[in-house]
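For reference, the structure discussed in these notes is given below.
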Amino acid sequence: MAQMNFGGVIENVVTREEYPLAKALETLKDETIAVIGYGVQGPGQSLNLRDNGFNVIVGQRKDSKSWDKAVADGWVPGENLFDIEEACEKATIIEYLLSDAGQISVWPTVKKHLTPGKALYFSHGFGITYKERTGIVPPADVDVILVAPKGSGTSLRRMFLQGRGLNSSYAIFQNATGRAWERVIALGIGVGSGYLFETTFKREVYSDLTGERGTLMGAIQGIFAAQYEVLRQNGHTPSEAFNETVEELSQSLMPLISENGMDWMYANCSTTAQRGALDWWKKFRDATLPVFNELYSEVACGNEAQRSIDTNSQPDYRQKLEEELREMRETEMWQAGAVVRKLRPENN
């Protein structure tokens, strides 16, 4: 483990140079890893583990679209693809990657297979942090660990196939065996992390829920929609409004930020753009800071978790979700975006 200076704050991190894949494979050579769930994180993590040479199986509900997807990805029923209960029984490490609502409903099945010495692995701190609401209370004689890739399972897999890594946080909630640290780091390397940084289950879920509702998804969609609307109301065409709102950011400027930071992106734009951005960014910060404070408070007190549990547990949740996504997809802004994407040179 190395200590790195992040803007004056020292944090513990683990890199692939410090903990290479060969060491991770040696650490877990006698383990059977069962990835439970094949939705958002399950495919990327299980396929990366499989390609890296770990002994991994998948547990998924039979007769589901996700079961069929697992088969299409090369998992073989009865060989390395099983129903959830059988996979949990076979495993020494259970990667619990169902949705938060799914984890609540399946927990009684998983819990009875958490025999002494096993490890229960999460990629989100939700179930444990809000255990009074979820009922997920692991037995005291198992390791409880977390590796949370900072991106979707799709991104995790794509970056792995490109020879890159997606940064992940890691945490230990319960160290029953004395091997929890070795297990969690080996798993973090195995699923394709770029580097691993230390956190806690609570910090992970608080930051994750805030980020998803904030700059990663909720806030960015809200800002996109507001700017697009202002441009359209002032006579700009859909193509111009979309390009100036979304396309230039995602295709041109975000890669520059990723490469060397915001100041470097500014330095590679016109002096007029630099001046305007420097004059206006603090106004946007000041305008949104109260919203972010409200959001974090709602996360910390558990209201956001309860809303998620209540909504996602409804039998018609997926139908309502699709309707909300359809409403977004059919707005003029994202219809314009579909046309713009088709016009990109790589698609012609």
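Counting only distance, with no hydrogens or angles, the side chain of N175 and the backbone of G178 share a donor-acceptor pair below 3.5 Å. Checked by atom type and distance alone, the side chain of N303 never pairs as donor or acceptor with a backbone atom of E298 at under 3.5 Å. Proximity of a side-chain donor or acceptor of T210 to a complementary backbone N or O of Y206 within less than 3.5 Å is detected. Although no hydrogens or angles enter the test, the distance criterion places a donor-acceptor pair under 3.5 Å between the side chain of N48 and the main chain of V191. Using a distance-only test at 3.5 Å, with no hydrogens or angles considered, no donor-acceptor pair links the side chain of E79 to the main chain of W75. K118 places a side-chain N or O within donor-acceptor distance of the main-chain N or O of C88, the cut-off being under 3.5 Å.
Ionic pairing of E304 and R307 is present here: one or more N-O contacts between side-chain nitrogen and carboxylate oxygen are shorter than 4.0 angstrom. One finds no salt bridge joining D208 and R203 here, because no Lys/Arg side-chain nitrogen approaches an Asp/Glu carboxylate oxygen to under 4.0 Å. Ion pairing of R326 with E323 is present here, as a side-chain N (NZ or NE/NH1/NH2) and a carboxylate O approach within less than 4.0 Å. Remark: K23 does not engage E26 in a salt bridge, criterion side-chain N to carboxylate O under 4.0 Å. Classification of E247 and R341 as a salt-bridged pair fails, no side-chain N sitting under 4.0 Å from a carboxylate O. Taking 4.0 Å as the cut-off between side-chain N and carboxylate O, R179 and E31 count as a salt-bridged pair. A salt bridge is defined here as a Lys NZ or Arg NE, NH1 or NH2 lying under 4.0 Å from an Asp or Glu carboxylate O, and R275 with D279 meets this definition.
Stacking of K69 on the aromatic ring of Y38 is not recorded, the 6.0 Å distance cut-off and the 45° axial limit not both being met.
The distance from the CZ atom of R213 to the CG atom of L209 is 4.5 Å, given to the nearest 0.5 Å. Note that CD of Q41 and OG of S152 are 7.0 Å apart. Values are rounded to the nearest 0.5 Å.
In this structure, R318 places its CZ atom where only 12 or fewer heavy-atom neighbours from other residues, nucleotides or ligands lie under 6.0 Å away. By the 6.0 Å contact criterion, CD on E330 is enclosed, its count of non-hydrogen atoms from other residues, nucleotides or ligands being greater than 12. Atom CD of Q233 is surrounded by more than 12 heavy atoms from other residues, nucleotides or ligands within 6.0 Å. Surrounding NZ of K202 are at most 12 heavy atoms belonging to other residues, nucleotides or ligands under 6.0 Å away.
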Inset, instruction - Could you walk me through whether Y130 and F126 pass the ring pair (Phe, Tyr, Trp, His ring centres under 6.0 Å) test, one step at a time? - result: CA-CA 6 Å; Y130 301 113; F126 191 101; 5.2 Å; yes

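Between L256 and N268 there is a side-chain heavy-atom pair separated by less than 4.5 Å. You'll find the side chain of P238 reaches within 4.5 Å of the side chain of Y228, heavy atoms only. I189 has its side chain within reach of L196: a pair of non-hydrogen atoms, C-beta onward, lies under 4.5 Å apart. Side-chain atoms of F54 and L187, non-hydrogen and from C-beta on, never get closer than 4.5 Å to each other. Taking the side chain as every heavy atom from C-beta outward, S168 and F197 never approach each other to under 4.5 Å. A heavy-atom distance below 4.5 Å is not found between the side chains of E95 and S123. Taking the side chain as every heavy atom from C-beta outward, E240 and T237 approach each other to under 4.5 Å. Residues Y121 and L146 are not in side-chain contact: their nearest non-hydrogen atoms beyond the backbone lie 4.5 Å or more apart.
Considering all non-hydrogen atoms of both residues, G37 and L98 come closest at CA-CD2, 3.6 Å. Considering every non-hydrogen atom in both A148 and E204, the closest pair reads CB-OE2, 3.7 Å.
Put simply, V40 and I36 are part of two different groups of oily side chains (I, L, V, M, F, W, Y) that touch within less than 4.5 Å, one to the next. Criterion: ILVMFWY side-chain heavy atoms under 4.5 Å apart, direct or through other members. Under it, W264 and Y266 are part of a common hydrophobic cluster.
Taking the six-membered ring where the residue is Trp, Y96 and W107 present tilted rings, their angle falling between 30° and 60°.
Between the side chains of Y19 and T27, a donor-acceptor pair is found at a separation under 3.5 Å.
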